[in-house]
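Every value quoted in this text rests on a predicted model; they were computed, and no experiment measured them. The chains referred to below are lettered A, B, ... by the order of the sequence lines, with proteins before strands, and numbering in each begins at 1. Values reported hereafter were calculated over all heavy atoms of this structure, with side chains retained and with hydrogens, waters and symmetry mates removed.
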Protein chains: 2
Amino acid sequence: MTDPLLQDAAETEEAQAATKQAVFNAAERLFALHGFQNVSVRDITAEAGVNLASVNYHFGSKDALLFEIFRRRTSELNRERARMLHEATSRHGGKPPVRDILECYFAPPMRWAAPDNDRRISMQFIIRARSEGTAEMREVLKTDVSHLERFAGALMAARPDLPKEDVYWRLHFVLGMVHNNRFAEFDRLHHLSGGLTREGDVEALLRRMLDFAEAGFLA
Amino acid sequence: MTDPLLQDAAETEEAQAATKQAVFNAAERLFALHGFQNVSVRDITAEAGVNLASVNYHFGSKDALLFEIFRRRTSELNRERARMLHEATSRHGGKPPVRDILECYFAPPMRWAAPDNDRRISMQFIIRARSEGTAEMREVLKTDVSHLERFAGALMAARPDLPKEDVYWRLHFVLGMVHNNRFAEFDRLHHLSGGLTREGDVEALLRRMLDFAEAGFLA
DNA sequence: CTTGGGGTCGAACGTTCGTTTGAACGCGAA
DNA sequence: TTCGCGTTCAAACGAACGTTCGACCCCAAG
């Protein structure tokens with residue numbers, strides 16, 4: 001609990017076994033780097049320096065471990081987005097402009113993914129979960145859209161003249177912009193542009209994204 | 001060769017064995033529907049109605065089969081894009097406007113993915129290959145950017161005032177919009193909007209995408 | 001000291017996987 | 001007819017996987 005290595009000390013369950021934490025962290029890291037199917041329980045326990053049976057003892061199964069990481073990280077990310085949106089709403093007297101709304105959605109994942117951020121690996125995990133997750137995770141992604149509803153509502157309030165249908169579609173396009181920010185895509189872009197594009201300056205990239213998305217939304 | 005079942009009669013290799021074609025089609029279908037890792041060689045050969053050893057005999061390995069499907073479909077798609085861009089270029093006297101350039105990139109995958117199109121399953125395969133492909137396929141995706149260079153060049157010509165760096169980044173955003181058009185995302189959006197958004201009308205969706213992307217590019 | 005239970009350990013289980021093997025088959029050429 | 005070759009077949013191989021098992025360890029409660 002007072003161990004500085006435990007990044008997630010503030011847990012709902014209080015006294016996490018050190019083994020469980022080690023498995024959690026190792027699994028998140030390996031899954032993020034190599035994908036779910038390409039990482040075995042043996043890889044995880046070896047990386048964590050624990051016994052092979054630890055995964056099934058503490059989490060029930062490999063899939064359940066995966067799901068628990070996914071659930072924790074996505075809820076943290078969406079909570080941060082909701083917090084920013086709430087703040088922007090009160091800052092603008094209940095009706096923030098399009099650009100500010102989009103920033104609340106863009107900024108958290110972008111900043112998490114910054115090269116020097118501890119959460120970078122968590123962000124990479126979430127990105128991978130979107131396309132390689134289990135059926136259970138995909139069901140959650142499809143069904144649990146409560147956090148998106150907040151943003152859709154805010155956007156409709158910011159552009160009451162636009163038909164709701166258009167707001168949803170443009171939100172869809174915006175989601176695509178965010179989800180495409182994988183490391184592999186940055187590499188490809190870097191290769192294409194001959195090294196002209198650099199992902200180092202997160203805030204500058206965030207500004208670029210907002211310029212593009214805001215213009216698209218106000219079209 | 002005159003068999004109407006052979007969709008890809010015009011091949012570089014002339015006399016394809018019926019078994020090889022059956023394996024190719026079954027593999028593409030199953031991979032597109034369930035993902036690479038979730039489909040076994042036994043599943044493929046059972047679906048194709050051929051012997052288990054056929055995959056290794058005709059393609060060398062499961063990975064090689066996967067790569068051959070990937071190579072064929074992506075080259076077909078990019079050839080179609082290049083054809084449209086070439087036509088648009090000559091139609092506009094060498095310098096097509098942004099919207100027309102983007103349409104050349106958007107239209108082929110969108111139309112392939114239309115519910116009544118035979119290529120729908122191929123498009124789904126390509127989409128899956130982007131995130132679940134083997135290391136070899138990812139290397140091709142990253143390295144082979146020649147087809148993107150054509151579009152980057154056309155966009156720079158259409159907006160010579162914009163710094164090249166910005167063109168690349170905005171192209172990156174546009175790619176995100178296209179790549180996000182997976183069936184799962186449409187389902188999610190449909191769920192979020194309460195059935196308001198329908199993907200049935202491809203041309204209408206294409207117009208929406210162009211409205212958004214064009215505005216973003218002209219910002 | 002004794003007891004009990006949460007945690008860890010090495011070892012194994014049963015399944016599934018991609019691939020290989022060697023025999024059999026079909027058919028045009030010699 | 002006989003040969004040769006491309007193709008198909010049933011069967012098996014060896015490896016890797018997620019999971020389970022029973023013994024063992026530690027430490028606090030009785």
Side-chain angles (χ1 to χ4, degrees), chain A residues 1 3 5-6 11-31 33-70 129 132-137, chain B residues 1 3 5-6 11-31 33-70 129 132-137:
Chain A
M1 288 175 287
D3 188 339
L5 288 178
L6 298 184
E11 289 302 322
T12 54
E13 328 204 350
E14 42 193 78
Q16 283 272 14
T19 298
K20 188 169 183 179
Q21 267 298 327
V23 168
F24 186 100
N25 291 335
E28 178 179 36
R29 205 181 97 84
L30 292 181
F31 284 151
L33 292 178
H34 307 114
F36 299 145
Q37 312 252 33
N38 298 320
V39 172
S40 68
V41 175
R42 283 167 178 82
D43 293 331
I44 298 170
T45 52
E47 168 99 354
V50 301
N51 185 266
L52 171 62
S54 302
V55 166
N56 291 277
Y57 179 80
H58 285 286
F59 296 93
S61 69
K62 182 190 177 184
D63 280 4
L65 162 61
L66 215 127
F67 189 74
E68 188 161 325
I69 304 175
F70 168 74
E132 300 178 42
T134 64
E136 192 181 10
M137 294 163 64
Chain B
M1 288 172 285
D3 189 337
L5 289 179
L6 298 184
E11 289 302 321
T12 53
E13 328 202 350
E14 42 192 77
Q16 283 271 15
T19 298
K20 189 170 182 179
Q21 267 299 328
V23 168
F24 186 100
N25 292 335
E28 179 179 35
R29 205 181 97 83
L30 291 181
F31 284 151
L33 291 178
H34 307 114
F36 299 145
Q37 313 251 32
N38 298 320
V39 172
S40 68
V41 175
R42 285 166 177 82
D43 293 332
I44 299 171
T45 52
E47 167 100 353
V50 302
N51 186 267
L52 170 62
S54 301
V55 166
N56 291 277
Y57 178 79
H58 284 286
F59 295 93
S61 69
K62 182 191 177 184
D63 279 5
L65 162 61
L66 215 126
F67 189 74
E68 189 161 324
I69 304 175
F70 168 74
E132 301 177 41
T134 64
E136 193 181 11
M137 295 164 63

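Atom CZ in A:F59 sits roughly 14 Å away from atom C1' in C:dG7 (whole-Å rounding). Remark: P of D:dC17 and CG of A:N56 are 14 Å apart, rounded to the nearest angstrom. When rounded to the nearest whole Å, the span between CG of B:L66 and C1' of C:dG18 equals 13 Å. The nearest whole Å value for the distance from the NZ atom in B:K20 to the P atom in D:dG6 is 14 Å. A:Q37 has its CD atom 13 Å from the C1' atom of D:dG18, to the nearest Å. Rounded to whole Å, atom P of C:dT16 lies 16 Å from atom NZ of A:K62. Taking atom CZ of residue A:F31 and atom C1' of nucleotide D:dG18, one finds them 12 Å apart after rounding to whole Å. Note: CZ (A:R42) to P (C:dC9) measures 15 Å, nearest angstrom.
Within 4.0 Å of B:S61, counting heavy atoms only, lie sugar-phosphate atoms of the nucleic acid but no base atom.
The shortest side-chain heavy-atom distance between B:K20 and B:F24 does not fall under the 4.5 Å cut-off.
Phosphate proximity of D:dT8 to B:H58: present, with a side-chain N or O under 4.0 Å from OP1 or OP2. Taking 4.0 angstrom as the limit, B:S40 places none of its side-chain polar atoms (N or O) nearer than this to OP1 or OP2 of C:dT16.
For the pair A:D43 and B:S54, nearest-nucleotide mapping onto DNA chain D gives the more 5' position to B:S54.
The side chain of A:A53 lies closest to D:dC21 when the candidates are C:dT20, D:dC17, D:dC21. Side-chain proximity of B:Y57 to D:dT7, D:dC17, D:dT20: nearest is D:dT7. The side chain of A:L52 sits closest to C:dA12 out of C:dT19, C:dA12, D:dT8.
In terms of heavy atoms, B:M137 sits closest to B:L66 at SD-CD2, 3.2 Å. In plain terms, the two heavy atoms of A:S61 and A:N56 that are nearest each other are CA-OD1, 3.7 Å.
Side-chain atoms of A:N51 come within donor-acceptor range of the base of C:dG10, with a qualifying N/O pair under 3.5 Å.
In this structure a side-chain-to-backbone donor-acceptor pair under 3.5 Å is missing from A:D43 to A:V39.
Using cut-offs of 30° and 60° for the angle between ring planes, the B:F36 and B:F31 rings count as perpendicular.
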